[in-house]
Structures are given as structure tokens and as C-alpha cells.
Amino acid sequence: VQLQASGGGLVQAGGSLRLSCIASGFTLDHYIIGWFRQAPGKEREGISCISSSGGSSYYARSVKGRFTISRDDAKRSVYLEMNSLKPEDTAVYYCAAQETLWINWAMCSQSGFFRSWGQGTLVTVSS
């Protein structure tokens with residue numbers, strides 16, 4: 001099980017980025033995918049996750065209304081569309097996968113819930 005996150009970069013405040021998480025070695029069926037971020041000197045924070053069916057998605061309060069998670073199982077990909085970016089969104093963003101059929105935010109917001117992780121992609125938002 002391997003995950004590859006990409007799409008990070010430097011953007012001005014108010015701008016947008018789209019992160020991608022591509023799976024290799026397995027299909028995404030039955031896996032939930034979570035996005036986390038870690039800013040310098042801070043703990044890893046769960047920001048969004050999506051159910052295996054794609055029918056349910058969850059967001060941290062800090063990104064709700066600005067970020068959108070989606071998945072395309074045929075492409076083995078999960079996306080995080082980030083709009084209205086703020087300097088405080090600056091962090092390394094990680095995607096993670098866990099095989100399970102049922103989730104809630106209390107579960108998927110915790111990094112310990114996920115077994116498989118991508119390598120991270122850096123997002124820098126300038127003011």
C-alpha cells in the first residue's frame with residue numbers, strides 16, 4: 001500500500017490549490033482517505049476525510065467551507081481542493097488510508113486511526 005501526495009506549492013493568501021493523493025499497489029475500494037497537515041512546531045492535524053463510498057465527508061472547523069475532499073476510485077485518487085487559502089494553512093499536507101467500511105469524524109480526525117501514509121507535500125501561503 002503506497003500513497004503519493006502532490007500538488008503543493010507557494011500561493012498567495014486568497015488563492016487556491018488542489019492536492020492529489022494517488023494510490024499504488026491497491027485499489028481504493030473499502031478504504032477511507034484522510035488529509036492531515038503539520039505546521040512547523042505543531043502537532044499533525046486532521047483536516048478532512050472521505051468515506052469509502054464517497055458519500056460522506058468530514059472537515060475540521062478550521063477548513064470547513066474552504067476545502068473540499070473528493071475521490072475518483074477509477075483513478076485511484078483522492079483530491080483536496082483548497083480555496084481562500086490563509087497563511088495559517090501553511091503546512092506539510094499528508095494523505096492517509098485505512099481499510100474500513102464505516103467512519104465518523106472522531107475516528108478519521110485521529111492520525112493513529114490510519115495505517116498507510118503518503119510522504120507529504122508542502123503548501124506555503126504568503127500574506
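No hydrogens, no waters, no symmetry mates; every other heavy atom, side chains included, goes into these values.
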Worksheet item: Are Leu80 and Thr68 side-chain neighbours, meaning at least one heavy-atom pair lies under 4.5 Å?
Response: no
Tested for side-chain contact (heavy atoms from CB on, under 4.5 Å) against Ile47, the lone hit among Phe36, Tyr59, Tyr94, Tyr93 is Tyr93
Check: Would Trp35 and Val63 show up in the same hydrophobic cluster when neighbours are defined by side-chain heavy atoms closer than 4.5 Å?
Finding: yes
Q | More than 12 heavy atoms from other groups under 6.0 Å of CD on Gln2 | A | no
Problem set entry | Side-chain touch Cys49/Tyr58, heavy atoms, less than 4.5 angstrom | yes
Of all heavy-atom pairs linking Ile22 and Ser77, the shortest is CG1-OG, 3.6 Å
Smallest heavy-atom separation, Ile32 atom then Ser51 atom, equals CG2-CA, 3.9 Å
Practice task
Determine, for Lys75 against Asp73, whether the closest basic-nitrogen to carboxylate-oxygen distance falls under 4.0 angstrom.
Solution key: no
Smallest heavy-atom separation, Leu10 atom then Ser126 atom, equals CD1-CB, 4.3 Å
The reported gap from CZ in Arg76 to CG in Leu3 (rounded to nearest 0.5 angstrom) is 11.5 Å
Closest heavy-atom pair, Tyr79 versus Ser20, reported as atoms and distance to 0.1 Å, is CD2-OG, 3.4 Å
Worksheet item: With side chains defined as the heavy atoms from C-beta onward, is the minimum distance between Asp72 and Leu28 less than 4.5 Å?
Response: no
Here the pair of heavy atoms bringing Ala91 nearest to Arg37 is CB-CB, 3.8 Å
Verify the distance criterion only: is there a donor paired with an acceptor across the side chains of Asn83 and Ser16 at less than 3.5 Å?
-> yes
Distance col, row Lys86:NZ vs Ser127:OG, nearest 0.5 angstrom, shows 14.0 Å
I want to check something: taking the side chain as every heavy atom from C-beta on, are Glu45 and Ser62 in contact at a cut-off of under 4.5 Å? yes
| query | Is it the case that Glu43 and Ser111 place a side-chain donor and acceptor less than 3.5 Å from each other? | reply | no
For residues Phe114 and Ile50: do they belong to one hydrophobic cluster (side chain heavy atoms under 4.5 Å, members Ile, Leu, Val, Met, Phe, Trp, Tyr)?
no
For Gln98 and Arg115, the nearest pair of non-hydrogen atoms, with its separation, is OE1-N, 2.9 Å
